[in-house]
Amino acid sequence: MVLHPECQKRAQQEIDSVVGPGRLPEFSDRESLPYVDCILQETLRFVSEHAYVVAIQSFCLLQMEPSSAIRGMALDEKVYTDAQAFNPSRYLPLPEGNHEPYPHPFGFGRRICPGRHLADASVWIAMASILATFDILKPIGSDGKEITPEVKFSTGITSQPSTFYCHIRPRNDQARDLIMHADTSDNY
């Protein structure tokens, strides 16, 4: 979101109109938050080579090397218009979007990740909650100008973004109160 503030604003407007300011998004809100879901899908597609393929290989114990195949499918210009660009709207129906297919970050067929539903739901609820309550902004340098972070990922058994700086703040006083009074107990 640091690199795409316009996507963050649009998702926050969608969350505000569906959820309102008094609560966090819930799983039952997902169908009513299509743009938020598009951001998740585009993030999975866009960083396929880095952020999740290695984790899927480790977690799901895939017997093949999917990174090049999945990365190739995720960046296929025949499937995705301007595939190198981060564009969550690509998944929205026509005429607003291109109605392009969701990516397959968790594989498919016999070797599909058995934890795909848990992973998808966990990332979606975390992302929706963060978007509902925080602004994620570029940091300001000593010269008073915004600093745009460089996109780099570590390599190895797992992959993660390299250290970068950003400014995270509550969106408003209602968001701050919601964060401060969130129920963090495990009532299972």
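Nearest heavy-atom pair, Thr148 versus Lys138, reported as atom, atom and distance to 0.1 Å: OG1-NZ, 3.0 Å. In terms of heavy-atom proximity, Leu94 sits nearest to Asn98 at CD2-CA, 3.9 Å. Taking every heavy atom of both residues into account, Ile125 and Pro25 meet most closely at CD1-O, 3.4 Å. When every heavy atom of Ile15 is checked against every heavy atom of Ala132, the shortest pair comes out as CG2-CB, 3.7 Å. Annotation for Ala11 and Leu131: closest pair CB-CD1, 3.9 Å, computed over non-hydrogen atoms. Across every non-hydrogen atom of Pro139 and Cys166, the tightest pair is CD-CA, 3.8 Å.
Counting heavy atoms of neighbouring residues, nucleotides and ligands inside a 6.0 Å radius, atom CD of Glu6 exceeds 12 of them.
Under the rule for a salt bridge (Lys or Arg N to Asp or Glu O under 4.0 Å), the partners of Arg30 that lie at least two apart in sequence or sit in another chain are Asp37, Asp120. In this structure Arg110 satisfies the salt bridge (Lys or Arg N to Asp or Glu O under 4.0 Å) test with no other residue, sequence neighbours excluded. For Glu100, the salt bridge (Lys or Arg N to Asp or Glu O under 4.0 Å) partners are Arg90, not counting sequence neighbours. Applying the salt bridge (Lys or Arg N to Asp or Glu O under 4.0 Å) test to Asp135 and every residue at least two apart in sequence or in another chain returns Lys9, Arg169.
Side-chain contacts under 4.5 Å among hydrophobic residues (ILVMFWY), followed directly or transitively, place Val79 together with Tyr80, Tyr91, Tyr102.
Between Asp82 and Asn87 the shortest side-chain heavy-atom distance does not fall below 4.5 Å. By the 4.5 Å heavy-atom criterion applied to side chains, Ile140 and Glu146 are counted as neighbours. Contact of the Glu42 side chain with the Phe86 side chain is registered, since non-hydrogen atoms from C-beta on lie closer than 4.5 Å. Inter-residue side-chain proximity for Leu3 and Pro149 is flagged as met; some heavy-atom pair is nearer than 4.5 Å. Side-chain contact between Ile39 and Met1: present, with at least one pair of heavy atoms (C-beta onward) separated by less than 4.5 Å. Using a 4.5 Å heavy-atom cutoff, the side chains of Val123 and Leu44 are not in contact.
Distance OG1/Thr133 to CG/Leu24: 6.5 Å, rounded to 0.5 Å. Atom OG of Ser17 sits about 12.0 Å away from atom CD of Gln12, to the nearest 0.5 Å. Atom OG in Ser142 sits 7.5 Å away from atom CD1 in Ile147 (nearest 0.5 Å). Separating the CZ atom in Arg171 from the CD1 atom in Ile136 is a distance of 11.0 Å, to the nearest 0.5 Å.
Asp29 places no side-chain N or O within donor-acceptor distance of the main-chain N or O of Ser32, the cut-off being under 3.5 Å.
At a threshold of 4.5 Å between side-chain heavy atoms, the hydrophobic network of Ile, Leu, Val, Met, Phe, Trp and Tyr places Met127 and Leu33 in one connected group.
For residues 110-145, no pair satisfies ring-ring contact (aromatic ring centres under 6.0 Å, His included), with sequence neighbours left out.
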